[in-house]
Each structure stands twice: as structure tokens, then as C-alpha cells.
2 protein chains.
Amino acid sequence: MAEVSDLTVHTGYWLRMVSNAVSQDFARRAATEDVTVAEWTFLRALYDAEGMAPSALADRMGMTRGAISKLAERLIEKGLLARASNPDDGRAHSLSLTAAGRQKVPVLAALADHNDADYFGVLSTDERATLDHLLRTLADRRGLKTVPVD
Amino acid sequence: MAEVSDLTVHTGYWLRMVSNAVSQDFARRAATEDVTVAEWTFLRALYDAEGMAPSALADRMGMTRGAISKLAERLIEKGLLARASNPDDGRAHSLSLTAAGRQKVPVLAALADHNDADYFGVLSTDERATLDHLLRTLADRRGLKTVPVD
DNA sequence: TATTGTTATACTCTATAACTATA
DNA sequence: TATAGTTATAGAGTATAACAATA
């Protein structure tokens, strides 16, 4: 037993290695649509829940409100997002996709589908199902909820 | 079959969620020793291979030489790393740990051990072995080699 | 000319905190 | 006072490219 364990004895090491590679591959694909991974997650969340408040999105994505504002600002500049005031409460805002933003989601979803299929395609159907199940189990038992961003 | 697939149908989604959570937990632990995850990986690599050249470390960590220089600069400021010129080749440098840096590695390794044990402790021995094996299989079949950093 | 390494610049993500407007 | 949101600042990671020194 070595005094200083090797990095590779940790499951977390392999998890990070594989996860980073998958994310980087997807980031490259998304970049062809001029969108980052964080932006994609943001757009996807709004696709199902138009008019969400920034604070709700912050909770859902596990980010601070400041980070959400910054991300929203960039998406507005790109013409993918619109920000509106709330007539009932002058403090509140609501966020929604523009037509361009809404059109972009299916394109990015297809890229995500292909990325997943390509990446995990080196596993057999059984292996892949087992991996998927173990990751979901882990997320469940650890009480993980927020949409992963980076 | 939905036109726009949900994020959660992708194995990569769960992989990222779990991986980010493990890394963030470890980052918090390492922060108590005033070290980032990237710095830990750097220190650990040098622990086994004193006197490595920055370029060799860059290859090993999958980073550019510029990124290595920046990381090295910070570790030198922290008193954990020393940089020396090579008498045989005036262009080359070699990096090695200081006494303080060398002492820090076992401490951080213990933190990494505990982090891994705590995090994957919610799985049974069999489940954990299966997960570990599948991740190694995936890394192998995808030809992944670089030490994961972020 | 090619190589080693550093430095400069820039962009993304993240967090904290100051700030504005409204309740 | 408390809340919703924005903005400012800073730190960490990353990549590209300009640069200096040496081969």
C-alpha cells in the first residue's frame, strides 16, 4: 500500500476524464452554432418553460442570479433571447426565446443526440444501459438536482 | 418520439452532473490546503517525476505550454514549486517540488482518498466496481490519455 | 529556421458584493 | 426592510498568438 495513492485509483479520476472528453466534444459541435454548453442548457430550459423568471432559472441551473444575468445578456446580444418586465411586479422580469432562439433548440438537440450516440457507441447496449443506470442511481442517492453546466 | 429530446435522455448529462459534483466536492476540500484541482494534478504529476520539462507536463496534462507556465507561476508564488535552467540546453527548464510542495502531496492524496470514498460510498461494492470498470473501458476505447484537470 | 518557454490578450464560467428599483 | 434583478470586480481555466532566447 503506497503512502501516496495514485490518481488513477480514484473512480472520480476516470469519471472526470470521460466527462470532460464528452463535454469538450459537445462544446466543439455547439460552437458550430455559435453557442456554448451553458448557453445550450439555458436555451433548452426555456424551451419547455417560456417566461421563466431569472431567479427560477438560477435555481434550476444551480447558478447565482448574477451568472444568469450575464448569460442572458449574451444570449440577448445574439438575438436568441428576450427579456420582458412584469406588469404585476415592477421588480420581476421574465425570459423567453425569440423565434431564432426557438429554432435553434432542435438543431442543438440533434447535435446533442449525435454526440451522445457517437461517444457511448463504443459500449455495448448492455454496458451502456448499466452505466446510465449507475449514474442515475448515484445522482439520486447523492440528491443531485441542478442541471450540469460546465 | 419527441422532436426535441430532453436533456436527461443523454448519458452525457448524468455523467456531467455526477462528475461536476465530485469535482466540486474535492475542490472544496483542496481549498482548505489553498490548492486548486489543477494545481493538485500538477503537484501529483511532479511528485512521481521530479525535474520534468514544462512541455512534457503540458503533454501529460493535455494543456498548452502557456497554461502550464501560468500554473507553474502560481505554484512558485505559493512556494510549492521550483524552476531551474538546464545546463545542457539553454532553452529548456526543469520543474520540481520544493520541500513544502513535496510535503503537501500526501495530505492532498488523503483528501482525494476520502473524497472518493465518501462520494461513491452510496454505491454497493459491486456497483462501484462495475462503474469503475465501465469508465475505464470507455476511456480505453475512446483512447483518452490526458490527466483530467477541471 | 525550428524549438523551448514565457508573456500578452481574450473569453468563459464562477462567486461575492455593491447597487438600483420596487414591494 | 426585504426582494428581484443587474452590474462590478475578481479569480480560475483555456486557447491563440506574439515574443525572446537558444539550437
Side-chain angles (χ1 to χ4, degrees), chain A residues 16 19-21 23-28 30-31 34-43 51-78 81-95 146-150, chain B residues 16 19-21 23-28 30-31 34-43 51-78 81-95 146-150:
Chain A
R16 206 158 73 242
S19 174
N20 286 357
S23 290
Q24 279 165 24
D25 273 12
F26 178 65
R28 268 190 290 277
D34 192 29
V35 166
T36 68
V37 177
E39 288 167 1
W40 153 239
T41 306
F42 193 111
L43 295 173
M52 260 186 129
S55 54
L57 213 40
D59 286 346
R60 184 172 176 132
M61 294 180 66
M63 295 169 70
T64 61
R65 281 172 301 168
I68 290 291
S69 280
K70 209 161 103 176
L71 207 45
E73 187 54 36
R74 213 165 57 228
L75 287 167
I76 289 169
E77 276 169 20
K78 290 184 181 179
L81 185 71
R83 183 153 47 194
S85 329
N86 186 330
D88 299 333
D89 184 337
R91 296 170 302 181
H93 284 176
S94 82
L95 301 170
T146 59
V147 174
V149 165
D150 64 339
Chain B
R16 206 159 72 241
S19 174
N20 286 357
S23 289
Q24 278 165 27
D25 273 11
F26 178 66
R28 269 189 290 277
D34 192 29
V35 166
T36 68
V37 176
E39 287 168 0
W40 152 239
T41 306
F42 194 110
L43 295 173
M52 259 185 130
S55 55
L57 212 40
D59 285 347
R60 183 173 177 132
M61 295 180 64
M63 294 169 70
T64 62
R65 282 170 301 167
I68 291 291
S69 279
K70 207 163 104 175
L71 207 46
E73 187 54 35
R74 213 166 58 227
L75 287 168
I76 289 168
E77 277 170 19
K78 289 184 181 177
L81 185 71
R83 183 153 47 193
S85 329
N86 185 330
D88 298 334
D89 184 337
R91 296 170 303 180
H93 284 177
S94 83
L95 300 170
T146 59
V147 174
V149 165
D150 64 339

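A quick note: this is a predicted structure, and the numbers were derived from the prediction, not measured. Chain identifiers are assigned alphabetically (A, B, ...) following the order of the sequence lines, protein sequences preceding nucleic acid strands; residue numbering begins at 1 within each chain. Computed over heavy atoms, backbone and side chain alike; hydrogens, waters and symmetry mates excluded.
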**Request:** List for me each residue that meets salt bridge (charged side-chain N to carboxylate O under 4.0 Å, His left out) alongside B/R83, sequence neighbours excluded, and say none if there are none.
**Result:** B/E73
[X] has an atom [atom1]; how far is it from atom [atom2] of [N], in whole Å?
X: B/I76; N: C/dT6; atom1: CD1; atom2: C1'; result: 11 Å
X: B/R83; N: C/dT4; atom1: CZ; atom2: P; result: 17 Å
X: A/R28; N: C/dT12; atom1: CZ; atom2: P; result: 17 Å
X: B/D89; N: C/dT3; atom1: CG; atom2: P; result: 13 Å
X: B/L71; N: D/dA15; atom1: CG; atom2: P; result: 13 Å
X: A/D34; N: C/dC11; atom1: CG; atom2: P; result: 13 Å
X: B/N86; N: C/dT4; atom1: CG; atom2: C1'; result: 11 Å
X: B/E39; N: D/dT14; atom1: CD; atom2: P; result: 12 Å

Nearest to side-chain heavy atoms of [X], which nucleotide of [options]:
X: A/A53; options: D/dG5, C/dT14, D/dG13; result: D/dG5
X: A/P54; options: C/dC13, D/dT6, D/dG13; result: D/dT6
X: A/A38; options: C/dT16, C/dC13, D/dT6; result: C/dC13

**Sugar-phosphate, base or nothing in reach of B/T36, heavy atoms under 4.0 Å** = sugar-phosphate
**Asked** Within less than 4.0 Å of OP1 or OP2 of C/dT6, is there a side-chain N or O belonging to B/R91?
**Response** no
**Prompt:** Does the side chain of B/S55 get closer than 4.0 angstrom to OP1 or OP2 of C/dG5 through an N or O atom?
**Reply:**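 Yes, such a contact exists.
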**Asked** Taking for each residue the nucleotide of DNA chain D bearing the nearest heavy atom, is the 5' side occupied by B/G66 or by B/R74?
**Response**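 Result of the comparison: B/R74.
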**Asked** If you pin B/G90 and A/A67 to their nearest nucleotides in DNA chain D, which one's is more 5'?
**Response** A/A67
**Item:** Closest contact, heavy atoms only, A/R16 versus B/S23
**Value:**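 Minimum heavy-atom separation between A/R16 and B/S23: CD-OG, 2.9 Å.
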**Prompt:** How many angstroms lie between CG in A/L71 and CE in A/M61, if you round to the nearest 0.5 Å?
**Reply:**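 A/L71 CG to A/M61 CE: 5.5 Å, rounded to 0.5 Å.
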**Asked** Hey, what do you get for CG (B/L57) to OG1 (B/T41), rounding to the nearest 0.5 Å?
**Response** 10.0 Å
**Item:** Heavy-atom side-chain contact between A/S55 and A/R65 under 4.5 Å
**Value:**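 SC-SC contact between A/S55 and A/R65 confirmed.
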**Message:** With nearest nucleotide decided by heavy atoms, which residue, A/K70 or B/H93, maps closer to the 5′ end of DNA chain C?
**Reply:**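 Here B/H93 is the residue nearer the 5' end.
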